[in-house]
Amino acid sequence: MKFISTNKKSEPVSFLEAMRKGLAPDSGLYMPEEIPVLPDSFWSSVGDLSFHEIAFEMAKPYLKDELSDAELQSVIDDTFNFPVPVKSLADHHFVLELYHGPTLAFKDFGARFMARLFSEKARKEQQEVTILVATSGDTGSAVAHGFYKVNGVNVCLLYPKGKVSKLQEQQMAALGENVTALEVDGVFDDCQSLVKQAFTDEELNDGMQLSSANSINIARLLPQSFYYAFALAELQKKGIGQPVFSVPSGNFGNLTGGLLAMKMGMPVQHFLAATNVNDVVPEYLNGNQFKVRDSIQTISNAMDVGNPSNFARIQHLFDYSDSAIRNHLTGYSYNDEQTRETIREVFEEEGYLLCPHTAIGYRAAKEYQKEKGENVPLVTLATAHPVKFRDVIEPEINNRIEIPERLKVWLEREKKSVPIHKEFKSFKSFLLAEFR
Ligand SMILES: *Cc1c(COP(=O)(O)O)cnc(C)c1O
């Protein structure tokens with residue numbers, strides 16, 4: 001299977017090559033040349049399969065030229081070694097809890113899968129690689145943990161100073177070894193722009209093998225399609241039909257994973273694109289132009305994205321038809337006050353705790369149900385464990401949230417990050433000095 005750039009000017013490459021490159025040379029994002037459709041028999045009996053079996057069947061068409069069945073199986077077994085519960089709330093509303101991995105956020109799925117593929121590739125080729133990651137918090141910790149002590153791979157994380165939680169920062173900056181954390185004097189979009197510039201800088205690319213691990217990486221995207229099919233499987237077991245998925249979104253990698261599953265034949269009614277006030281995509285879905293903006297800081301900070309990269313992939317998936325995109329997706333956006341209100345109400349009424357990101361998805365699901373009737377089965381993707389955002393949540397619920405022991409250890413460790421400016425020059429000299 002070959003992978004092509006959304007900008008259509010770069011050569012098609014294999015999966016592992018697309019993973020290594022991250023961004024295509026023409027600055028486009030990699031997508032499969034054609035999307036494999038799994039047979040109806042797979043989808044109609046997906047409820048009989050385990051998470052690992054679903055992941056294997058969905059990954060195989062993309063990776064079969066490069067990994068043996070046994071290699072792929074071991075990547076999958078290693079990656080998904082944590083539970084994926086589907087909780088049932090009132091009125092046909094389900095929550096797909098994607099936060100039971102090591103860093104308590106859905107990004108563990110993509111980051112762990114990719115880290116294990118890089119490790120397979122490094123083992124086969126014996127070549128060192130430097131991974132650059134711009135993060136607004138959760139990506140960085142998931143990637144850092146996914147790659148920690150993986151042979152042949154250096155990881156360099158860029159996060160905006162003062163804009164990630166203490167715990168997120170510690171989960172990136174306290175690791176050391178092959179993981180370097182850079183504290184950038186700027187916002188997330190500055191971090192993302194530094195990484196993009198590095199990939200197009202000739203001197204850097206001559207001197208070292210650079211690669212990305214952001215949600216733009218195809219190896220991060222692919223596993224984010226598996227859990228949609230798994231949610232469908234869990235509903236099938238309960239005799240419930242095609243759901244609507246509500247996806248709290250920032251850079252839109254998570255939602256693109258769902259659309260990929262749909263293109264592989266997954267039966268689904270609709271998708272909800274739920275954002276905070278960084279509502280570039282909901283605005284577009286409401287009939288306006290797609291217009292990128294500077295990001296605005298909110299309490300759902302992992303979704304503070306003013307220029308969502310994966311929109312290019314969504315356009316590609318629907319052959320650049322605005323009407324096709326709008327037929328499959330409805331946008332919702334909420335401000336911080338509405339987010340807080342939702343956390344409070346859902347805790348009081350359903351006894352269920354939501355992180356600020358998930359709260360936005362939850363609220364969109366409820367609003368959609370109100371419009372369409374309560375028989376519509378809704379699945380909200382829960383993207384982070386509430387404990388990661390307890391500063392926001394505790395005042396709303398008038399209750400303490402206990403920090404699990406496995407997280408507490410991070411808060412006590414030494415922070416080892418390196419401060420840098422948002423100008424490309426200082427980032428470049430750091431890279432050349434450290435990794436060339
Ligand atoms: C990254 C993240 C999101 C946004 O996901 P995208 O794939 O960037 O749309 C939402 N919630 C949490 C907790 C995240 O870490």
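Counting convention: from 1, in listed order, for ligands and their atoms alike. Just so we're clear, the structure is a prediction, and the values are computed from it rather than from any experiment.
Assignment of Phe106 to the shell around ligand 1 is supported, since a heavy atom sits closer than 4.0 Å. In this structure, Pro248 counts as a contact residue of ligand 1, since one of its heavy atoms falls inside 4.0 Å of the ligand.
Cation-pi contact between Arg326 and Tyr284: present, with separation from the ring centre below 6.0 Å and deviation from the ring axis of at most 45°.
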* **Test log, rule ring-ring contact (aromatic ring centres under 6.0 Å, His included), inputs Phe109 and Phe82** => CA-CA 10 Å; Phe109 286 84; Phe82 48 86; 5.1 Å; yes

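When Gln224, Met303, His385 are checked for heavy-atom proximity to atom 10 (C) of ligand 1, Met303 turns out nearest.
For ligand 1, the polar-atom distance check against Thr383 finds a nitrogen or oxygen pair separated by under 3.5 Å. In terms of polar-atom proximity, Ala302 is not counted as a contact of ligand 1, lacking any N or O under 3.5 Å from an N or O of the ligand. Considering backbone and side-chain atoms together, Phe389 places no N or O closer than 3.5 Å to any N or O of ligand 1.
Considering only residues two or more places apart in sequence or on other chains, Asp189 meets the salt bridge (charged side-chain N to carboxylate O under 4.0 Å, His left out) condition with none of them. Not counting sequence neighbours, the partners of Glu57 by the side-chain contact (heavy atoms from CB on, under 4.5 Å) test are Phe42.
For ligand 1, the atoms lying closer than 4.0 Å to a non-hydrogen atom of Asn254 are 7 (O). Residue contact check: Gly253 has heavy atoms under 4.0 Å from atoms 6 (P), 7 (O), 9 (O) of ligand 1. The atoms of ligand 1 that sit less than 4.0 Å from any heavy atom of Asn251 are 6 (P), 8 (O), 9 (O). Atoms of ligand 1 lying under 4.0 Å from any heavy atom of Ser249, numbered from 1 in the order shown and given with element: 9 (O). Listed by number with element, the atoms of ligand 1 under 4.0 angstrom from any heavy atom of Lys107 are 1 (C), 2 (C), 3 (C), 14 (C), 15 (O). Within ligand 1, counting atoms from 1 as listed, the ones closer than 4.0 Å to a heavy atom of Gly250 are 4 (C), 6 (P), 8 (O), 9 (O).
Of the possible donor and acceptor atoms, none in the side chain of Asp304 sits under 3.5 Å from a partner among the backbone N and O of Ser295. Judged by distance alone, with hydrogens and angles left aside, the side-chain atoms of Arg220 form no donor-acceptor pair with the main-chain N or O of Lys107 at under 3.5 Å.
Between Glu367 and Lys370, no side-chain nitrogen of the basic residue sits less than 4.0 Å from a carboxylate oxygen of the acidic one, so the salt-bridge criterion is not met.
Ring centroids of Tyr352 and Tyr362 are separated by 6.0 Å or more, keeping the two rings apart.
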